[in-house]
2 protein chains.
Amino acid sequence: MNTTIATPVAQLAVSTVIFSLRAGSTLWLPLVRRIREPFEGQWALPGGPLGANESLADSAARTLQQTTGLTPRYLEQLYAFGTVDRSPSQRVVSVVYWALVRPDEAEQATEGENVRWFSADELPELAFDHNTIVEYALWRLRNKMEYSRIAHAFLGERFTLAQLREVYEAVLRRPLDPANFRRQIEAGQSIVATDEYLAGGRHRPPRLYRTNESIDLAENGPLPEQGAPHALR
Amino acid sequence: MNTTIATPVAQLAVSTVIFSLRAGSTLWLPLVRRIREPFEGQWALPGGPLGANESLADSAARTLQQTTGLTPRYLEQLYAFGTVDRSPSQRVVSVVYWALVRPDEAEQATEGENVRWFSADELPELAFDHNTIVEYALWRLRNKMEYSRIAHAFLGERFTLAQLREVYEAVLRRPLDPANFRRQIEAGQSIVATDEYLAGGRHRPPRLYRTNESIDLAENGPLPEQGAPHALR
DNA sequence: TTAGTTCAAGTCATTTACACCTTTACTCGA
DNA sequence: TCGAGTAAAGGTGTAAATGACTTGAACTAA
């Protein structure tokens with residue numbers, strides 16, 4: 001074997017942008033406070049160096065679990081960021097993933113001195129180029145919302161059509177006609193009606209639906225390394 | 001500074017899948033023969049280790065230039081591949097780009113013992129997981145063809161509508177109605193009619209068009225590190 | 001019982017997509 | 001020089017998708 005082990009030109013890190021919906025209508029994401037230089041004390045995306053025996057997606061899932069306690073239902077690679085000057089001193093190439101979690105999962109997440117949730121519209125100044133990264137992740141989320149069915153990853157097992165519509169309205173930031181929304185969703189095959197109804201509101205109880213597991217909701221093409229353990233298919 | 005320089009868990013490499021259209025109707029891509037282990041003698045995607053003072057996109061452009069002599073008009077990041085076992089011995093994480101070149105550029109490319117063009121449908125068994133990578137790049141190309149205007153990157157300065165349609169037909173592998181194609185393209189703003197015509201055929205000379213530079217043809221969103229020097233915007 | 005709310009379903013006009021047809025303009029060979 | 005061949009350019013009709021709006025049903029709370 002004549003392979004020379006070159007001195008590394010860059011550190012390899014994996015980070016993740018996690019989205020959730022708080023109060024059912026605003027996009028929130030968890031950030032972690034940096035506990036060392038550079039950017040000590042500033043907020044940053046959860047992540048860390050790639051482990052020796054884990055794939056990129058596994059690394060994203062692990063660091064997520066360790067820093068925020070979250071295990072997202074949806075995890076997909078976003079982009080690899082590698083400009084020379086994006087980190088002072090040692091050069092870092094970051095493979096960034098993006099994830100969606102349900103509101104109930106998000107509430108279980110550890111929140112404290114070093115982990116806090118922020119509104120996606122009102123972020124502080126983040127470490128490194130993480131503001132840029134979040135902006136791109138937001139674009140990807142909104143874009144993907146229009147041609148795939150990832151909205152389901154924000155919801156639990158059972159949900160009403162109104163809840164699903166509210167997810168779309170929150171992410172796309174515009175109201176949708178309930179009647180037309182119903183027609184379009186029913187035309188597709190992405191959800192299945194159950195025979196349960198949600199009682200309790202002061203109105204006619206809406207029917208509960210569940211996602212159709214046999215339909216590909218992500219539309220990511222023939223990707224070999226398929227997301228996290230619980231990746232949406 | 002208390003940053004510890006960890007021993008690298010993986011080598012960082014950048015590779016590129018380059019597509020071109022030969023004879024105006026079949027997808028071709030250049031491969032390079034490996035001159036060292038592992039996979040010595042087998043065909044692989046052009047690429048190499050990331051240089052110390054270049055961004056990921058610059059590295060893709062440079063290795064492309066060195067191995068094939070090509071400077072693609074379109075260059076976009078495809079995916080970062082990083083499963084643990086994708087390379088024997090030393091672990092390698094590859095950030096893969098994909099590129100489009102015009103047929104006339106492709107002809108200038110060096111072809112010889114160590115560089116050869118292959119039909120995208122009839123590839124040999126490649127080194128590493130490069131067959132998988134090419135398959136994914138093909139999916140991305142065909143997918144992107146349907147919602148963006150990247151087809152223009154296959155063509156030169158001036159082209160007829162029939163030529164543009166042939167690009168679509170070749171990539172999507174199905175015939176398109178010339179009349180409807182004309183209307184759809186004209187409805188968009190991606191091309192501009194010139195007052196030139198292409199004479200020589202035994203039929204009415206078709207009008208020549210050029211791409212509208214002021215329109216974003218790639219639709220990649222707010223990406224910071226924008227492709228290669230000549231990236232299509 | 002009644003008012004209020006939302007689900008659920010239906011109507012209608014407009015736009016868009018697609019298949020097919022006709023005319024026009026040019027080149028080339030007889 | 002004339003006719004045949006070819007593809008551009010433009011047109012028409014039908015089906016599907018979309019958006020704005022309307023109606024009725026089901027339930028809660030007062």
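So that the names make sense, note that chain A is the first sequence line, chain B the second, and so on, each numbered from 1.
In this structure, Gln184(B) does not reach the dT16(C) phosphate: none of its side-chain N or O atoms is under 4.0 Å from OP1 or OP2.
At the heavy-atom level, Ala199(B) lies nowhere under 4.0 Å from the strands shown. Across all strands shown, Arg207(A) has heavy atoms under 4.0 Å from sugar-phosphate atoms exclusively, and none from any base.
Between Glu196(B) atom CD and dC26(C) atom P the separation is 16 Å, expressed in whole Å. Rounded to an integer number of Å, the gap from CD of Gln163(A) to C1' of dT6(C) is 13 Å. For Ile191(A) and dA8(C), the CD1 to P distance is 10 Å, given to the nearest whole Å. Here dT27(C) presents its C1' atom at 13 Å from CG of Leu198(B), a figure rounded to the nearest Å. To the nearest angstrom, C1' of dC20(C) lies 16 Å from CG of Leu176(B). When rounded to the nearest whole Å, the span between CG of Leu164(A) and C1' of dT6(C) equals 17 Å. If you measure from atom CG of Asp195(A) to atom P of dA8(C), you get 14 Å, rounded to the nearest angstrom. To the nearest angstrom, P of dC7(C) lies 14 Å from CZ of Phe159(A).
Taking the side chain of Arg183(B) as heavy atoms from C-beta on, and the options dT18(D), dA19(C), dC7(C), the nearest nucleotide is dA19(C). Out of dA9(D), dG11(D), dC7(C), the shortest distance to the side chain of Ala179(B) is found at dG11(D). Counting only heavy atoms from C-beta on, Arg165(B) has its side chain closest to dA8(D) among dA26(D), dA20(D), dA8(D).
Checking Arg204(A) against Leu161(B), the closest nucleotide of DNA chain D that is more toward the 5' end is the one next to Leu161(B). If you find the closest nucleotide of DNA chain D to His203(A) and to Asn180(A), the one lying nearer the 5' end belongs to Asn180(A). Along DNA chain C, the nucleotide nearest to Tyr197(A) and the one nearest to Asp177(B) differ in position, and the one closer to the 5' end is contacted by Tyr197(A).
Here the side chains of His152(A) and Leu164(A) are in contact, with some heavy-atom distance below 4.5 Å. Considering only heavy atoms from C-beta on, Arg183(A) stays 4.5 Å or farther from Phe181(A) through its side chain. Counting heavy atoms from C-beta on, the side chains of Ser94(B) and Arg86(B) come closer than 4.5 Å.
Ring centers of Phe118(B) and Trp28(B): at least 6.0 Å apart, outside the cut-off.
Ionic pairing of Glu76(B) and Arg140(B) is present here: one or more N-O contacts between side-chain nitrogen and carboxylate oxygen are shorter than 4.0 angstrom.
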